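Structure, as structure tokens:
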Amino acid sequence: MTTKHDIISQLAKERAVETLAAKICRDIQRRDLDDLCQIIYLDLLTKDEDMIVSLQEKGEMPFYLTRMIKNQYNSARSPFHRKIRSFRSRCQA
């Protein structure tokens, strides 16, 4: 039986999140892209086991990842915005 950790490990080996994020966030700097992807992977690891397995079995994982990336990248309340964008803007000011 496939586990959540197996699925996430496979996504990491295939660099699935990195590939999708690069397509979605075209104007993002490389260092921010790496941080965004790590936030996505961490978020996936906290999700329910059955949900991750179900998404993978139904072939819905790419759609779910796309939504996660867009939400993290575009939302002013996301961990990515709070931890990365806000910090960077304070440092560059």
Side-chain angles (χ1 to χ4, degrees):
M1 180 176 173
T2 304
T3 66
K4 170 176 77 171
H5 294 287
D6 295 336
I7 294 167
I8 296 170
S9 292
Q10 187 62 35
L11 290 171
K13 286 178 189 173
E14 295 172 356
R15 300 185 56 81
V17 173
E18 291 84 350
T19 302
L20 279 171
K23 289 178 183 177
I24 293 168
C25 312
R26 295 175 191 226
D27 62 337
I28 194 170
Q29 295 179 3
R30 180 66 195 179
R31 62 185 180 206
D32 290 345
L33 179 65
D34 293 341
D35 291 332
L36 174 62
C37 293
Q38 288 303 310
I39 289 170
I40 299 295
Y41 283 122
L42 285 172
D43 195 18
L44 285 171
L45 289 168
T46 64
K47 300 293 183 197
D48 181 58
E49 176 98 21
D50 294 333
M51 183 185 112
I52 297 296
V53 171
S54 175
L55 286 168
Q56 185 69 18
E57 288 174 351
K58 294 177 182 177
E60 297 172 350
M61 186 60 76
F63 305 107
Y64 186 73
L65 291 174
T66 299
R67 178 52 48 201
M68 287 180 72
I69 293 165
K70 285 182 176 183
N71 287 344
Q72 286 290 333
Y73 187 65
N74 294 321
S75 174
R77 294 183 179 180
S78 72
F80 175 73
H81 183 80
R82 286 192 318 267
K83 293 177 184 175
I84 309 303
R85 283 187 167 170
S86 294
F87 177 76
R88 189 157 332 282
S89 68
R90 285 186 303 231
C91 290
Q92 293 175 349

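Heads up: numbering here begins at 1 and tracks the sequence. What you are looking at is a predicted structure, and each value in this text was computed from that prediction instead of being measured.
Contact annotation: the side chain of I7 approaches that of M61 to within less than 4.5 Å [non-hydrogen atoms, C-beta and beyond]. The side-chain heavy atoms of I52 and Q56, taken from C-beta on, include no pair separated by under 4.5 Å. Between L65 and L44, some side-chain heavy-atom pair lies under the 4.5 Å cut-off.
Side chain of K4 to main chain of D50: no donor-acceptor pair is present (N/O by atom type, distance under 3.5 Å, no hydrogens or angles).
Summarising the geometry, atom CG belonging to L45 is positioned 8.0 Å from atom OG belonging to S9; distances are rounded to the nearest 0.5 Å. Between atom CG of residue D35 and atom CD1 of residue I40 there is a gap of 11.5 Å, rounded to the nearest 0.5 Å. The line from NZ of K83 to CD of Q72 is 8.5 Å long, rounded to the nearest 0.5 Å. How far NE2 of H81 is from CZ of R77: 10.5 Å, rounded to the nearest 0.5 Å.
Considering only residues two or more places apart in sequence or on other chains, D27 meets the side-chain hydrogen bond (donor to acceptor under 3.5 Å, both in side chains) condition with Y73. Scanning for side-chain hydrogen bond (donor to acceptor under 3.5 Å, both in side chains) contacts around D32 gives R88, with sequence neighbours left out. Taking the side-chain hydrogen bond (donor to acceptor under 3.5 Å, both in side chains) definition, one finds that D6 meets it with T3, sequence neighbours left out. D34 meets the salt bridge (charged side-chain N to carboxylate O under 4.0 Å, His left out) test with R30; sequence neighbours excluded. Among residues two or more places apart in sequence or in another chain, the side-chain hydrogen bond (donor to acceptor under 3.5 Å, both in side chains) test is passed with Y41 by E18. For the side-chain contact (heavy atoms from CB on, under 4.5 Å) test, residues two or more places apart in sequence or in another chain that qualify with S54 are K58.
The residues K47 and D43 are annotated as salt-bridged, a charged nitrogen and a carboxylate oxygen being separated by less than 4.0 angstrom.
Of all heavy-atom pairs between S78 and S75, the closest is OG-O, 3.2 Å. What you find for A21 and I69 is that their closest heavy atoms are N-CD1, 3.7 Å.
L36 pairs with exactly one of I24, V17, I28, I84 by the side-chain contact (heavy atoms from CB on, under 4.5 Å) rule, that one being I28.
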